[in-house]
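We name chains A, B, ... by the order of the sequence lines, and we start the count at 1 in each one. All values below come from the heavy atoms of this structure, side chains included, with hydrogens, waters and symmetry mates left out.
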Number of protein chains: 2
Amino acid sequence: MTLNVVSVTVDLVLLTIRQAALQVLLIRRGIPPYPDRWALPGGFVLPGEDLGEAAARELREETGLDPQHGHFEQLATYGTPGRDPRGRVVTVAYLALLPDLPSPVPGSDAAGAAWRPAAEITPGELAFDHDRILADGLERARAKLEYTPLATAFCPPEFTVADLRAVYETVWRTRLDPRNFHRKVTGAEGFIEPTGGTVIRDRGRPAQLFRRGPATLLHPPLLRQPAPQAQSSRVGGTSRSSDL
Amino acid sequence: MTLNVVSVTVDLVLLTIRQAALQVLLIRRGIPPYPDRWALPGGFVLPGEDLGEAAARELREETGLDPQHGHFEQLATYGTPGRDPRGRVVTVAYLALLPDLPSPVPGSDAAGAAWRPAAEITPGELAFDHDRILADGLERARAKLEYTPLATAFCPPEFTVADLRAVYETVWRTRLDPRNFHRKVTGAEGFIEPTGGTVIRDRGRPAQLFRRGPATLLHPPLLRQPAPQAQSSRVGGTSRSSDL
DNA sequence: ACGTTTAGCGTCATGTTGACGATAATAGCG
DNA sequence: CGCTATTATCGTCAACATGACGCTAAACGT
């Protein structure tokens with residue numbers, strides 16, 4: 001039997017919403033390979049340490065946050081030979097959605113760390129195959145907002161419907177009708193529950209405060225699909241539905 | 001820097017539909033650990049081999065099938081210390097949905113291999129943590145049938161709407177109304193396209209043959225949810241003025 | 001020819017969705 | 001103190017989607 005010796009690491013896609021933008025925590029590498037390049041935070045899995053534990057430990061080291069402060073899940077595993085010039089490295093990536101807490105400084109043990117707007121990361125900018133990992137994480141986050149209540153993971157314990165809507169608009173890069181959005185989130189069983197309090201954010205009528213509800217799946221889901229046009233019962237295309 | 005030495009393997013959750021049941025390919029282990037127990041097929045990742053390649057190779061070795069014959073995707077990675085008594089083993093699991101081709105015999109290089117109905121696998125019956133991996137694979141398959149056209153991966157190149165409905169009914173363990181199902185799948189843009197041919201399966205009127213369409217996402221999705229009702233004012237009285 | 005069986009279309013009541021009007025409740029300003 | 005701008009929340013309506021189910025079509029066996 002061939003004994004296959006490999007190094008196993010975890011990488012983290014930490015997402016939060018700051019300054020009305022979806023931001024990802026990146027580390028500035030100080031040493032080769034890829035010196036001075038930005039990379040996802042991560043590190044080796046210690047002997048006797050579970051994969052999720054290792055990821056949680058890295059999360060704590062980088063942000064001072066616990067996984068329970070937001071949402072935390074395994075993303076995918078990357079092991080293409082040559083993805084790390086130092087040798088065969090298999091990386092288990094984790095995805096975290098975090099509230100914009102006054103993080104105790106993102107950087108601690110690295111040359112430099114910073115929240116960077118995800119939209120500004122240009123392809124090829126990150127070290128290793130972290131572009132791909134980040135893209136996978138973003139797509140996962142976008143998709144999960146549709147059918148899970150995970151948008152609340154970006155929010156503090158108490159939030160308004162407008163706060164929640166801002167999360168969707170930021171992550172999906174769309175505009176949503178405030179009235180329809182309000183109807184849908186308050187109508188989805190177990191998504192959010194009122195705390196009783198109200199706040200005035202900036203201007204306008206005070207808004208109710210909510211906390212996350214017990215649901216784990218959204219019913220009905222909040223679809224981001226633009227044109228659900230699919231009824232071609234007869235010839236004579238009604239709309240300009242582009243099924244290209 | 002701690003060099004973390006770990007063995008990396010791939011395990012496969014191979015699903016198909018045979019004899020009106022969702023079946024999974026299992027291998028009868030001949031050697032310790034877990035001798036004489038059923039386990040998911042799998043093996044070590046070879047040096048210089050990509051993870052997906054290793055999984056595809058195992059798939060070929062076990063079934064003689066190529067990944068393109070059905071659907072193939074990474075499922076999740078399992079690395080809890082102690083999950084393999086031989087040492088630290090991290091396993092990347094893959095999920096495949098395969099048509100019921102006259103497989104060139106499932107077993108080839110193992111003590112014994114067999115398609116087993118997934119519903120008959122009792123908890124604790126499988127070696128290692130393969131129960132968990134199988135459960136994750138089944139849940140993934142069930143979920144993906146909702147919003148992707150992957151049900152066609154269980155079908156041969158040409159199939160009828162009834163064949164497709166049988167896939168859904170088998171995987172979801174539900175009964176679906178043939179008329180509503182027909183309307184929905186033929187109405188979902190790009191899900192299936194008619195080939196022009198017809199067949200007579202057993203009795204009754206001949207059915208049109210279809211092939212899979214170009215869509216990668218179902219629109220609208222086929223939800224398995226029973227009752228989207230949302231007006232229970234129970235503990236936690238969510239909405240105080242919904243409707244009704 | 002007739003009954004049985006399955007395919008595929010049609011109808012209807014209800015629920016969901018997007019578009020958007022209307023009202024409520026606050027702050028700022030003259 | 002009104003007036004206006006702004007945001008929150010409720011309401012209305014048409015289009016679409018869904019489940020329940022009737023009905024016809026096209027094959028088979030006897």
Side-chain angles (χ1 to χ4, degrees), chain A residues 146-147 159-166 168-169 172 174-189 191-192 194-210 218-234 237-239 241, chain B residues 146-147 158-166 168-169 172 174-189 191-192 194-210 218-232 238-244:
Chain A
E146 287 193 310
Y147 51 94
F159 52 88
T160 68
V161 174
D163 295 335
L164 192 60
R165 178 163 49 87
Y168 276 91
E169 294 184 334
W172 285 351
T174 335
R175 297 249 116 215
L176 299 172
D177 183 282
R179 299 156 291 191
N180 292 337
F181 183 83
H182 188 281
R183 178 185 55 193
K184 288 171 82 159
V185 295
T186 55
E189 186 89 17
F191 190 0
I192 58 176
T195 67
T198 60
V199 281
I200 302 169
R201 277 284 182 260
D202 186 23
R203 285 166 302 217
R205 170 175 171 178
Q208 286 184 71
L209 282 172
F210 294 83
L218 284 192
H219 255 332
L222 280 84
L223 301 177
R224 52 175 159 162
Q225 307 296 158
Q229 298 285 22
Q231 280 300 71
S232 56
S233 50
R234 284 297 169 311
T238 303
S239 68
S241 80
Chain B
E146 286 192 310
Y147 51 95
E158 300 202 346
F159 51 87
T160 67
V161 174
D163 295 336
L164 192 60
R165 178 165 48 88
Y168 277 91
E169 293 184 334
W172 284 351
T174 334
R175 295 251 119 213
L176 299 171
D177 183 284
R179 297 156 292 189
N180 291 338
F181 182 83
H182 188 281
R183 178 184 54 192
K184 288 172 81 159
V185 296
T186 56
E189 188 91 15
F191 190 1
I192 58 176
T195 67
T198 61
V199 281
I200 303 169
R201 277 283 181 261
D202 186 23
R203 286 166 300 219
R205 170 177 170 176
Q208 285 184 72
L209 282 172
F210 294 83
L218 283 193
H219 239 11
L222 281 85
L223 301 177
R224 50 177 160 160
Q225 307 298 155
Q229 295 288 24
Q231 50 172 297
S232 72
T238 304
S239 56
R240 71 284 169 278
S241 69
S242 280
D243 44 52
L244 176 78

Is the distance from OP1 or OP2 of C:dA7 to the nearest side-chain N or O of B:Gln208 less than 4.0 Å? no
Just how far, in rounded Å, is C1' of D:dC28 from CZ of B:Arg201? 16 Å
note: A:Leu223, atom CG; C:dG15, atom P; distance rounded to Å ~ 19 Å
Expressed as a whole number of angstroms, how long is the span from B:Leu222:CG to D:dA17:P? 13 Å
If I compare all heavy atoms of A:Ala188 with all of A:Pro220, which pair ends up nearest, and what's the gap? CB-O, 4.5 Å
Going from OG1 on A:Thr160 to CD1 on A:Ile200, what distance comes out if it is rounded to the nearest 0.5 angstrom? 12.0 Å
Taking A:Pro221's backbone N and O only, do any of them form a donor-acceptor pair with A:Glu146's side chain (distance below 3.5 Å, no angle check)? no
Distance check needed: D:dA25 C1' versus B:Ile200 CD1, whole Å only. 13 Å
Phosphate oxygens OP1/OP2 of D:dT7: is one of them under 4.0 Å from a side-chain N or O of A:Arg203? yes
Whole-Å gap separating P (D:dT7) and CG (A:Asp163): 13 Å
What are the two closest heavy atoms between B:Arg165 and B:Leu176, and how far apart are they? CD-O, 3.9 Å
Tell me which residues in residues 175-184 of chain B put a heavy atom below 4.0 Å from DNA chain D, sorted by number, or none. B:Asp177, B:Arg179, B:Asn180, B:Arg183, B:Lys184
Among the candidates D:dT18, C:dT6, D:dA8, find the nucleotide nearest to the side-chain atoms of B:Arg205. C:dT6
B:Thr160 vs A:Pro221, nearer the 5' end of DNA chain C by closest nucleotide: B:Thr160
What is the separation between atom CD on A:Glu146 and atom C1' on C:dT16, rounded to the nearest whole Å? 16 Å
Can B:Leu218 and B:Phe191 be said to form a side chain to side chain contact (heavy atoms under 4.5 Å, CB included), step by step? CA-CA 7 Å; B:Leu218 283 193; B:Phe191 190 1; 3.6 Å; yes
Value for CG (B:Asp163) from CZ (B:Arg201), rounded to nearest 0.5 Å, stands at 4.0 Å
In Å and rounded to the nearest 0.5 Å, what is the OG1 to CZ distance from B:Thr186 to B:Phe210? 7.0 Å
N/O (side chain, A:Arg165) to phosphate O (OP1/OP2, D:dA8) under 4.0 Å: yes
